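All of these numbers come straight from a predicted model, not from anything done at the bench.
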Amino acid sequence: TTPTTPTTAMASDTDTLFTAWAFKQGKYVAKHWKRRFFVLRTDGVLSCYKTADVTEKPAWTVRIEGADVVCASDATSAAKQVQWPSHAHEDNRLAVVMPKRTVLVLFDSAAVARDLCLSAQSLSNTNAASNATVEPTPVSEAIGVTPDMLRQLLEEYLGGTEDKLLTTADVCERVIKPRCRTAARKAGGRTTPFIELVRTSQDPKTPHLGPASVFVSHAWRYPFRILVDTLLDYANQRPSDTIYFWIDMFANDQLSAVDRPFEWWTTTFRDSIAAIGSVVAVLHPWNKPVPVERAWCLFELHTTLGSGTPLELLLPPGEGRSFVQAVCDDYESLVKAMADVSVSHAQASRESDRDMILRAIDETEAGRGGMDEEIKKQLREWCLERAEASAMELSELYDEGGDDQVDGLTAEGVSRTCNEVGLALEQNGKTDGAIRLYNRGLALALKTLGEDHPGIASFYNNLGAAYMNQGDHDSAIQSYERALAMQLKIHGEGHPSTAVSYSNIGGAYSSKGDDDKAIELYE
């Protein structure tokens, strides 16, 4: 018979792992089989009912306490000695071992029988994991997947328009777990990570698995397509590299979760990340990244920085322009929003995970406050590096294209972007990068706006200040004098901006040690 839903729900639907109709061997007559309704609950109780009304008293119950309680028929001597019906295929037959006897059960299909085996196996594995000392496989020994496998996964399962918004958690529930369950049924209830399914089905000539070379830190709450697109973009920028991404959803068994001991996270996990050798973290959305709100992601970043492993923060492709614009509009507010890190307020799907993470961080010398500052500093550094690279790219594209606009910006807009990002770099002690951007912006402004444009003077003044910070007084004086010439031409001798230029040049001569010249300019 086809498995059916109970006519009356149990106390809580979440209590139920498995329900199905089956036939049970009679107590006294070996050839007599009775139709019964079986229910397996999350507390480990397997009950047999005469009808599908589970509010009635069950015919019998037994608590699942080990993986051998519900097993294949050929695993018990009692099951071998009975006269099974002629249509009872071996895969449909199960033996339920009870304290005083073994009950033989015949399901209509092998798939349903394996569902019961799988549910009982997963339940006993979970109970065993919580009560035993676990020696999990280090991350470094796990396997990574190729960019091609990620691309293939998108094309095969997530090609529809509606699939674009599926989160990583959704993909795990709709794609990964169902395929793993199917494989587990065929393996008699033994569960494995998704990568093992890939291993058995991949073409040996074009393998999709290999030793992990990049550990991927990401949040399960944002769209899976964004994660994949970001990683593919990362790989495309490194065409000569052989990349294998370690992604938790693929590498970890999603059907039988393993609770690792506290010491594992503070030692083995750290060493494993260092052994992989590279970590990337996907920041989305860029103006309020989900990872800085998730305890696991913060712990991964903290572990990466503590182990000295190279860390690269990634933006989804296509978000660079809006990020740079935000840097130009209000850099400090942007950094404050992005780097609003507080591990004490971070969340996790399981409260026990969050408690473990906080405990691990409290054990470190820096503690929670030190970790917060460590990650904030990393995010600030990344903001500056990303903004500098994007501003340079914009200016180079404008030089090559010759169009009136590049990425929505006019020449004046691109030059102003270079100037604003340069100021942010200089304020954070990155003078070399600031000078590069000031010169790029100045060259573009001179080429497209002309020497008489009022904005040119600000480039010269900013260059002069940057050279002063470097101790290059001669270059500073040269830049300040060009700014003064612009102010005199535009505003004349009596304008406040002209006075500022005289003062700037005087300060440069004073720092150089030529006080007489400095006094002359100040006067």
Just do the side chain to side chain contact (heavy atoms under 4.5 Å, CB included) check on Q254 and C180 with the steps written out, would you?
CA-CA 8 Å; Q254 299 301 322; C180 289; 5.7 Å; no
Closest non-hydrogen atom pair, [X] against [Y]:
X	Y	value
F245	P147	CE1-CG, 3.8 Å
T230	P316	OG1-CA, 3.3 Å
Q487	S497	OE1-CB, 3.6 Å
G450	I456	O-CG1, 3.6 Å
V343	L298	CA-CD1, 3.9 Å
G210	I143	O-CG2, 3.3 Å

By side chain to side chain donor-acceptor pair (under 3.5 Å) - contacts of [X] (at least two apart):
X	value
D241	none
K517	none
E520	none
D229	none

Between the side chains of D233 and Q237, does any donor sit under 3.5 Å from an acceptor?
yes
Under 3.5 Å, is there a donor-acceptor pair linking the side chains of D355 and S352?
no
State the [atom1]-[atom2] distance between [X] and [Y], to the nearest 0.5 angstrom.
X	Y	atom1	atom2	result
I195	D253	CD1	CG	10.0 Å
H208	Q152	NE2	CD	4.0 Å
R174	L166	CZ	CG	5.0 Å
L315	I226	CG	CD1	11.0 Å
N428	L384	CG	CG	4.5 Å
Q378	L305	CD	CG	5.0 Å

Taking the side chain as everything from C-beta on, heavy atoms only, tell me whether [X] gets closer than 4.5 Å to [Y].
X	Y	answer
F194	M249	no
V214	W246	no
V216	L227	yes
F250	L150	yes
D248	W220	yes
T200	E196	no
V145	V198	no

S390 side-chain N/O to A387 backbone N/O, donor-acceptor pair under 3.5 Å
no
Judged by atom type as modelled, is there a donor-acceptor pair below 3.5 Å linking the side chain of T182 to the main-chain atoms of P178?
yes
Results of ring-ring contact (aromatic ring centres under 6.0 Å, His included) for F224 - residues two or more places apart only:
none
Residues forming a ring-ring contact (aromatic ring centres under 6.0 Å, His included) with H284, sequence neighbours excluded
Y222
Applying ring pair (Phe, Tyr, Trp, His ring centres under 6.0 Å), which residue pairs with at least one partner in residues 482-523 are found, sequence neighbours left out?
H491-H495
Kindly state each residue pair satisfying ring pair (Phe, Tyr, Trp, His ring centres under 6.0 Å) with at least one member in residues 413-469, sequence neighbours excluded.
none
Which residues satisfy the salt bridge (Lys or Arg N to Asp or Glu O under 4.0 Å) test with E173, sequence neighbours excluded?
K177
Pairing residues for R482 by the salt bridge (Lys or Arg N to Asp or Glu O under 4.0 Å) criterion, not counting sequence neighbours:
none
Results of side-chain contact (heavy atoms from CB on, under 4.5 Å) for D432 - residues two or more places apart only
R436, Q470
Among residues two or more places apart or on two chains, list those pairs meeting side chain to side chain donor-acceptor pair (under 3.5 Å) that have a residue in residues 294-312.
S217-E300, R238-E312, W296-D353, H302-E374, S307-T309
Please determine whether side chain to side chain contact (heavy atoms under 4.5 Å, CB included) holds for the pair T146 and Y244, giving the CA-CA distance in whole Å, both sets of side-chain angles, and the decisive distance to 0.1 Å.
CA-CA 5 Å; T146 63; Y244 293 99; 3.3 Å; yes
If you apply the rule side chain to side chain contact (heavy atoms under 4.5 Å, CB included), what do you find for N439 with L437, and how did you get there?
CA-CA 5 Å; N439 279 317; L437 280 182; over 6 Å; no
Applying side chain to side chain contact (heavy atoms under 4.5 Å, CB included), run through V228 and L153 and close with a yes or a no.
CA-CA 9 Å; V228 174; L153 188 67; over 6 Å; no
Answer yes or no: is there an ion pair linking D148 with R151, defined by an N-O contact shorter than 4.0 Å?
yes
